[in-house]
Every structure is written in C-alpha cells, then in structure tokens.
Amino acid sequence: MSEIIHAWVYDPKKALFGAKGQKSACLTVRCENPGGCDLYTKFNTCTLLGSEYTCVSGRKTREDGPTQRARSFHDWLNNKRAWCQEVSRGLKPFKAYNRIFRTNGWYHLPYPAMSDAFLMASAPIKNSWIQEEDLTAEVLHRICTSIPRNIFGDQLMRYQNETVPKFIMDLMMHYPSLFEMLSGDQKDRVKVYDFTGRTAVLATVAPGPVVLSRETWIWDGKTLTREAGTFLPVKGRMTSSLAPDPSVTVKITDNSQVTAETEFVD
C-alpha cells in the first residue's frame, strides 16, 4: 500500500513562463516503502521531487486544476495548498540529480552516458536502475573502465575524465562497501579530487570566503559577513551580516572549503 510523502501545487501565476490559459495543478508523490530509501531516511528528500515521474518504489501524479480565467482558480489553489500542508512530510527539494542512491533493493545510477537510458551506444550498463545483487565488482569495473560512444560513434572522453571520478568519489562518501569492491587503480583516481564547481550545504563548509550571487562573503561557521556601503558619514568600516537558513547551498570554489563533514547535494 503506497503512502503519500509529499504534495505541492503549481501556480501558473508564479511561473516564469506561466500563461493565463495554463492550468494550475496539484502534484502528489506516493511511495511503497519510504523507510527503505536512502534519499528519504538519510537526506529527507525524494527523487520524485525533481523531474522524474516514476521510480521502483513510487510514482508522482498530477491533478490539473482551473486556469487563471476561471472563477474557481484561487479557491481551488487555496484548498489544495491546505491539503498539501496536511499530507506532506516536510521533505527537502531534490538536488542530487546525478548521484547514486539505494532504494528498496535497487541502486539508481543517474550519471551521464553510464546507461542506455541516456541514448548512448556502448554504455557500460543497460539501465540506470540496477538491483543490489547485480552491482558486482565486475559491473563496477566495467562502469569505471568503459568509454561510451555517442550515436555517431565518437568516444565520450568526458565520461572517463569527469563522470567516473565523481562516481568513485560518490561511492567512497556514500557507499563505502561498494568503494571497497573497486580495484586499487580505480581507488587511486580520487586520491587527489577537485571539488570545485560542486554544490554543498553551506553549514557544512569550512569557515572562509564563499561566493553567493557573485558577492564574496566570509563564512565563520554560523554567520555570513561582508563589507557594505561606499559612502560613510565618518571614517570606519561598515559590514553587513546574516545568519543563513540551514538549507542554503553554495558552490565550492576552493578545495580547502571541503572537510570530512561537508555535505554535497549534487
């Protein structure tokens, strides 16, 4: 018996490209066994909160409502919002679109060019969903050593240069038992790993400068501070500070920002 774990409304008035003729909607996520999913139990999120509509344990449904032109538009949205607040469990937005996770006896490997699901010839696995017992040392070796080709036959070297190192690092951080199944050569590929460009929860990043909206702030582990003001009434230095919400994320710009406690969301 599936259970509702999250629901939300789509309001075309708040959408970037929403049109008056576009219908409102209520989206509902149901899961057969949320307690058996690592995303739910460890990260308080779900892959169906992203663009996916189905997974091995659940599904997302959409109920269309009235358009902005309808008299019932606002009442329908308000009623659905109230219902969503009742049934939802406070899940966080899903951001780890390309990271391995385990759910109810399956692993999901949503990495570019890793499976035929991304329309690549010679992909190392046929499907991005693979049962736990099938993700063997042999399969992991094939994943880490293959060089997929695109539909034109060209080798995708970014797979070996970018995708595989990230996959190995994800295994080391989240599924060490799988990491231990890799050969020494593959493990060595992440001895020196560049974290720049990845997204992490700010509260888990080491103190120091961080870049937010192209502005450099100083993070001390609790608050963000930066210089503010150009014209001051007296000689001195004006600063502004804020205590960010625990869910705030930041792009890693220097490897020194990463510690053993850093939590990545990508």
Side-chain angles (χ1 to χ4, degrees), residues 5-18 24 26-27 29 34 37-52 74 77-78 80-99 101 110 166 169-170 172-174 193-266:
I5 60 172
H6 199 70
W8 69 98
V9 296
Y10 168 73
D11 184 349
K13 288 181 66 176
K14 296 182 178 180
L16 184 60
F17 299 106
S24 54
C26 178
L27 295 100
V29 174
C37 176
D38 287 349
L39 285 182
Y40 184 88
T41 59
K42 296 180 180 180
F43 302 102
N44 194 34
T45 187
C46 172
T47 186
L48 299 182
L49 270 61
S51 59
E52 301 273 357
H74 292 290
L77 278 178
N78 289 336
K80 287 298 181 182
R81 282 197 184 98
W83 178 80
C84 290
Q85 289 180 351
E86 285 183 21
V87 300
S88 294
R89 301 183 183 180
L91 299 187
K92 298 177 182 178
F94 180 66
K95 298 180 180 180
Y97 295 101
N98 59 341
R99 188 179 74 200
F101 70 87
K166 182 182 183 303
M169 179 59 70
D170 288 343
M172 186 176 75
M173 296 177 68
H174 301 287
Y193 182 79
D194 187 7
F195 290 96
T196 57
R198 294 194 60 179
T199 305
V201 176
L202 174 61
T204 66
V205 170
V210 296
V211 178
L212 294 164
S213 300
R214 300 183 181 181
E215 295 283 346
T216 299
W217 293 73
I218 301 301
W219 169 244
D220 66 4
K222 292 183 178 180
T223 59
L224 290 163
T225 307
R226 71 179 176 94
E227 289 196 18
T230 304
F231 301 103
L232 304 179
V234 295
K235 286 185 177 181
R237 178 172 170 265
M238 181 184 294
T239 62
S240 59
S241 63
L242 61 89
D245 186 88
S247 64
V248 170
T249 60
V250 64
K251 287 281 187 182
I252 298 297
T253 55
D254 190 281
N255 286 322
S256 62
Q257 295 173 300
V258 179
T259 72
E261 304 301 320
T262 301
E263 179 186 333
F264 292 96
V265 299
D266 57 4

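Keep in mind the model is a prediction, meaning the values are calculated, not measured. The basis for the numbers below is simple: all heavy atoms, side chains too, and nothing from hydrogens, waters or symmetry mates.
Shortest non-hydrogen contact noted between Asn44 and Gly90 is ND2-O, 3.1 Å. What you find for Ala7 and Val87 is that their closest heavy atoms are CB-CG2, 4.0 Å. Counting all heavy atoms, side chain and backbone alike, Thr223 lies closest to Pro244 at CA-CD, 4.3 Å. Nearest heavy atoms, Ala203 versus Trp219: CA-CZ2, 3.8 Å. Pro209 and Gln257 make their closest contact through O-NE2, 3.1 Å (heavy atoms, listed as atom of the first residue, atom of the second, distance). Here the closest heavy-atom approach between residue Val265 and residue Val201 is recorded as CG1-CG2, 3.8 Å.
A 4.5 Å side-chain heavy-atom check between Pro34 and Arg89 finds at least one atom pair inside the cut-off. Here the side chains of Cys37 and Cys46 are not in contact, with every heavy-atom distance at 4.5 Å or above. Residues Ser24 and Val9 form no side-chain contact, since every pair of their non-hydrogen atoms from C-beta on lies 4.5 Å or further apart. Residues Leu91 and Tyr40 meet the side-chain proximity criterion, which asks for heavy atoms closer than 4.5 Å.
The structure places OG of Ser240 at 9.5 Å from CD of Glu227, a figure rounded to the nearest 0.5 Å. Rounded to the nearest 0.5 Å, atoms SG (Cys26) and CH2 (Trp8) are 9.0 Å apart. For the atom pair Thr216 OG1 and Leu224 CG, the distance stands at 11.5 Å (nearest 0.5 Å). For the atom pair NE2 (His6) and CG (Leu48), the distance works out to 11.0 Å, reported to the nearest 0.5 Å. Leu27 CG to Cys84 SG: the interatomic distance, rounded to the nearest 0.5 Å, is 8.5 Å.
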Between His174 and Asp38, is the side-chain contact (heavy atoms from CB on, under 4.5 Å) condition met? List the steps. CA-CA 10 Å; His174 301 287; Asp38 287 349; over 6 Å; no
Step-by-step side-chain contact (heavy atoms from CB on, under 4.5 Å) determination, Arg99 to Met173: CA-CA 11 Å; Arg99 188 179 74 200; Met173 296 177 68; over 6 Å; no
Verdict with reasoning, Arg198 to Asp170, per salt bridge (charged side-chain N to carboxylate O under 4.0 Å, His left out): CA-CA 12 Å; Arg198 294 194 60 179; Asp170 288 343; 3.6 Å; yes
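Between the Lys95 side chain and the Thr199 main chain, no donor and acceptor come within less than 3.5 Å of each other. In terms of modelled atom types and a separation under 3.5 Å, the side chain of Thr204 and the main chain of Glu263 share a donor-acceptor contact.
Every residue two or more places apart in sequence or in another chain was checked for a salt bridge (Lys or Arg N to Asp or Glu O under 4.0 Å) with Asp194, and none qualifies. Residues passing the ring-ring contact (aromatic ring centres under 6.0 Å, His included) test with Phe94, sequence neighbours excluded: Tyr97. Asp11 is linked by a salt bridge (Lys or Arg N to Asp or Glu O under 4.0 Å) to Arg81, counting only residues two or more places apart in sequence or in another chain.
Checked against the 6.0 Å centroid criterion, the rings of Phe195 and Phe264 qualify as a close aromatic pair.
Checking each of Val250, Val211, Leu212, Leu202 against Trp217 for a side chain to side chain contact (heavy atoms under 4.5 Å, CB included) leaves exactly one that passes, namely Leu212.
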